[in-house]
Amino acid sequence: MIYLETERLILRDYTKDDAEEYSRLMADDEVMYYLQDIRHHSREESEEYFADILQDIRGKDRCRYFLHMQKKDTKEQIGSIGYTVMDTTPVGKLVHLGYFTYPKFWGCGYMTEALEKVMDFAFSKGGVYRITTGCLKENRGSERVMQKCGMIREAEHVDYEWHDGKMKTRMEYRMLKSDWESITCRAKSACRRHE
């Protein structure tokens, strides 16, 4: 079971006790506005998907690493963050990352804090070689999280996705294990200089 802590957050694998919170999150119109393709439309749909998640967590060849996000102090659910293994290569796993949170937590730095921790786990313990993610260009908050975590923009796909009644542009970002190691090394060097 994965259990990670940051200064303000607990990021952990889902358990059977999280079914209700998971269902509420995945059906929330505002949370899932930019993720309409995975939004849940019924409790039955959520229950079925959640059962698959729990089974995958216990599986030998786990492919979904999405974590329950909660505040340390209140235990309140903030959202979900993680990645799906798309392929396994001789150099490591290739994964696609995603995250979403309730609007009342937007702009508080929680997602940046969580993403840094998840990337650290992925590269140091998860056998990940490459992380990809992206968002619609209009979703400035999500793109800013990627930038603050040092992710590198790889593409801008103009009129790439049909969303909310019109074609929209999608931004794509990536992080390689070597990129993460360089960022981590620079951060440690800066800390040593200030000691």
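Values below: all heavy atoms of this structure, side chains included; hydrogens, waters and symmetry mates excluded.
Both Phe121 and Ile81 belong to a common hydrophobic cluster when Ile, Leu, Val, Met, Phe, Trp and Tyr are linked at side-chain heavy-atom distances under 4.5 angstrom. Hydrophobic clustering places Met151 together with Phe123 (ILVMFWY residues linked when any side-chain heavy atoms are closer than 4.5 Å, directly or through intermediates). No continuous path of hydrophobic side-chain contacts links Leu94 to Ile131 [ILVMFWY only; heavy atoms under 4.5 Å]. Residues Phe66 and Ile57 do not share a hydrophobic cluster, defined by chaining ILVMFWY side chains whose heavy atoms lie under 4.5 Å apart. Residue Leu67 is grouped with residue Leu35 when hydrophobic side chains (ILVMFWY) are merged at heavy-atom distances under 4.5 angstrom, including chains of intermediate members.
Between Thr89 and Gly92, the closest heavy-atom pair is OG1-O, 2.7 Å. What you find for Ile2 and Tyr65 is that their closest heavy atoms are CD1-CD2, 3.6 Å. Among all heavy-atom pairs drawn from Ser80 and Met111, the shortest one is O-CE, 4.5 Å. Smallest separation of non-hydrogen atoms from Met69 and Ala114: CE-CB, 3.8 Å.
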Check against salt bridge (charged side-chain N to carboxylate O under 4.0 Å, His left out), Lys104 and Glu76 = CA-CA 12 Å; Lys104 72 179 192 174; Glu76 184 178 8; 2.6 Å; yes
request  = Please step through salt bridge (charged side-chain N to carboxylate O under 4.0 Å, His left out) for the pair Arg39 and Asp29, ending with a clear verdict.
outcome  = CA-CA 8 Å; Arg39 181 181 178 274; Asp29 289 335; 2.5 Å; yes
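More than 12 heavy atoms of other residues, nucleotides or ligands sit less than 6.0 Å from atom CD of Glu45. Atom NZ of Lys75 has more than 12 heavy atoms from other residues, nucleotides or ligands within 6.0 Å. Within 6.0 Å of the CD atom in Gln147, the count of heavy atoms belonging to other residues, nucleotides or ligands exceeds 12.
Leu97 CG to Met119 CE: the interatomic distance, rounded to the nearest 0.5 Å, is 8.0 Å. We find the SG-CD distance between Cys149 and Glu116 to be 4.5 Å, quoted to the nearest 0.5 Å. Interatomic distance, CD1 of Ile10 versus NZ of Lys71, reported as 12.0 Å (0.5 Å rounding). Ile78 CD1 to Leu25 CG: the interatomic distance, rounded to the nearest 0.5 Å, is 11.0 Å. The distance from the CD atom of Gln36 to the CG atom of Asp164 is 6.0 Å, given to the nearest 0.5 Å. For the atom pair CD of Glu20 and CD of Glu47, the computed distance is 9.0 Å after rounding to the nearest 0.5 Å.
A 4.5 Å side-chain heavy-atom check between Phe100 and Met32 finds at least one atom pair inside the cut-off. The closest side-chain heavy-atom distance from Leu11 to Gln70 is not below 4.5 Å. The shortest side-chain heavy-atom distance between Met1 and Arg12 does not fall under the 4.5 Å cut-off. The closest side-chain heavy-atom distance from Arg64 to Tyr83 is not below 4.5 Å. Contact annotation: the side chain of Lys177 never approaches that of Arg130 to less than 4.5 Å [non-hydrogen atoms, C-beta and beyond]. The side-chain heavy atoms of Thr169 and Tyr160, taken from C-beta on, include no pair separated by under 4.5 Å. Counting heavy atoms from C-beta on, the side chains of Thr132 and Tyr173 never come closer than 4.5 Å.
With Glu30 contributing its side chain and Tyr102 its backbone, the two residues share no donor-acceptor pair below 3.5 Å. Between the side chain of Trp106 and the main chain of Thr101, a donor-acceptor pair closer than 3.5 Å is present. Distance alone, capped at 3.5 Å, is enough to place a donor-acceptor pair between the His163 side chain and the Tyr33 backbone. Between the side chain of Thr112 and the backbone N or O of Val145, no donor-acceptor pair lies under 3.5 Å. Side-chain atoms of Lys93 do not come within 3.5 Å of backbone N or O of Asp87 as any donor-acceptor pair. The backbone N or O of Val31 sits less than 3.5 Å from a side-chain atom of Asp28, completing a donor-acceptor pair. Side-chain atoms of Lys72 come within 3.5 Å of backbone atoms of Thr6 as a donor-acceptor pair (strictly under, hydrogens ignored). Here the side chain of Asp18 pairs a donor or acceptor atom with the backbone of Thr15 at under 3.5 angstrom. With Ser23 contributing its side chain and Ala19 its backbone, the two residues share no donor-acceptor pair below 3.5 Å.
Donor-acceptor pairing under 3.5 Å is recorded for the side chains of Tyr3 and Glu5. Counting only N and O atoms by type, the side chains of Tyr99 and Ser142 include a donor and acceptor under 3.5 Å apart. A donor-acceptor contact closer than 3.5 angstrom is absent between the side chains of Tyr22 and Gln77.
Electrostatic pairing of Glu143 and Lys137 does not count as a salt bridge here, judged by no charged N lying under 4.0 Å from a carboxylate O. Here Arg153 does not pair with Glu172 in a salt bridge; the nearest charged N to carboxylate O distance is not below 4.0 Å. Salt-bridge annotation for Asp159 and Lys166: absent, with no side-chain N of the basic residue lying under 4.0 Å from a carboxylate O of the acidic one. Arg43 has no carboxylate O lying under 4.0 Å from a charged side-chain N of Glu48, or vice versa, which leaves the two without a salt bridge. Salt bridge present: Glu154 and Arg174 bring a charged side-chain N and a carboxylate O closer than 4.0 Å.
Ring planes of Tyr14 and Phe50: perpendicular class, angle over 60° (limits at 30 and 60°).
Among pairs with a residue in residues 50-62, those fulfilling side chain to side chain donor-acceptor pair (under 3.5 Å) read Asp13-Arg62, at least two apart in sequence or across chains.
Screening Val128, Thr88, Thr84, Thr133 for a side chain to side chain contact (heavy atoms under 4.5 Å, CB included) involving Val95 leaves a single residue, Val128.
Remark: aromatic rings of Tyr49 and His40 are close, center separation under 6.0 Å.
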